[in-house]
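No experiment lies behind these values; they were computed from the predicted model shown. The chain is numbered in sequence order, starting from 1.
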Amino acid sequence: MAQLLTREEFKQKYNQYRQDVYDLVPARLGIPGAKLTPITGRALMAQKKWPSNDRVPPNGGWDWNIWTQYFKQRHKKYFDVALWYENELCGLALGRLSRKNVNVKLELVEGSTDKVHPLKGQVALTMLTAIEAFGAIAGAEESLIIDPVPGAIPAYQRIGYSLRQASKHFPVHLVKRL
């Protein structure tokens, strides 16, 4: 029988998983200048400086301060990631592992509203690579994209995700075996 971790050991374990992903993904994708970090106050302030637009959820426009606090308080095995290119914030994402680490869920993702930011067109793939790596490190079997924006579904399908319709317990989502 596996020994139970103390609260602090559990927290350290998942902090290390997140840090491993932050270190691994930019090199894996070969994007010089890109850096992944947790969503910090600095990232939240940078996101507030994105050019104004008419995005509204579920097509972006999330209140990242509220959602980040919610995930960190509500989910013990959350995944938060800010995507930077040098000192410019290019994207944010939040996800989490299921209770028994069977799957990892990407629940919110948004790229900068700046039409010419340096990682334009690379945010979603970078965030999916990060969430999949987090799931793989934790032993998850599947990666899920919850409530995908309909226009993005074909792009997700091209990288191995399959569409599943909503059920009694789950919204529409995409799934990929890890």
Is the shortest distance from a Lys or Arg side-chain nitrogen in Glu88 or Lys35 to a carboxylate oxygen in the other one below 4.0 Å?
no

Is the backbone of Asn103 close enough, under 3.5 Å, to the side chain of Ser98 for a donor and an acceptor to pair up by distance?
yes

Using every non-hydrogen atom in the two residues, find where Lys13 and Leu5 come nearest and quote the distance to one decimal.
CD-CD1, 3.7 Å

Indicate whether the side chain of Gln19 and that of Asp23 have a donor and an acceptor atom separated by less than 3.5 Å.
yes

Interatomic distance, Leu128 atom CG to Ile131 atom CD1 [nearest 0.5 angstrom]
8.5 Å

Are side-chain heavy atoms of Asp80 and Arg18 found at a separation under 4.5 Å?
yes

Distance only, no hydrogens: is a donor on one side chain within 3.5 Å (strictly under) of an acceptor on the other, for Thr68 and Tyr78?
no

Would you please test Arg164 and Glu142 for salt bridge (Lys or Arg N to Asp or Glu O under 4.0 Å) and show each step?
CA-CA 13 Å; Arg164 286 194 186 154; Glu142 297 178 324; 3.5 Å; yes

Student check: side-chain heavy atoms of Val109 and Ile145 closer than 4.5 Å:
no

If you measure from CG on Asn53 to OG on Ser112, what distance do you get to the nearest 0.5 Å?
9.0 Å

Only one of Arg177, Lys105, Lys176 passes salt bridge (charged side-chain N to carboxylate O under 4.0 Å, His left out) with Glu132; say which it is.
Lys176

Cluster link Val81 to Leu108, ILVMFWY, side chain under 4.5 Å
no

If you take all heavy atoms of Ala82 and Leu89, which pair is closest and at what distance?
CB-CD1, 3.9 Å

For residues 37-48, please give each side-chain donor-acceptor pair under 3.5 Å, one per line with the distance, not counting sequence neighbours.
| from | atom 1 | to | atom 2 | distance (Å) |
| --- | --- | --- | --- | --- |
| Thr37 | OG1 | Trp84 | NE1 | 2.9 |
| Thr40 | OG1 | Arg42 | N | 3.3 |
| Thr40 | OG1 | Ala43 | N | 3.3 |
| Arg42 | NH2 | Asn87 | OD1 | 3.4 |

Would you please classify the geometry between the His75 ring and the Tyr70 ring as parallel, tilted or perpendicular, with 30° and 60° separating the classes?
perpendicular

Interatomic distance, Glu107 atom CD to Leu144 atom CG [nearest 0.5 angstrom]
9.0 Å

Report yes if some heavy atom in the side chain of Leu83 is under 4.5 Å from a heavy atom in the side chain of Val123; otherwise report no.
yes

Once the angle between the rings of His173 and Phe170 is folded into 0 to 90°, is it parallel (under 30°), tilted (30 to 60°) or perpendicular (over 60°)?
tilted

Compute whether any side-chain donor of one residue and acceptor of the other, for Trp50 and Glu110, lie under 3.5 angstrom apart.
no

Least distance between heavy atoms, Tyr85 atom then Ala34 atom
CD1-N, 4.1 Å

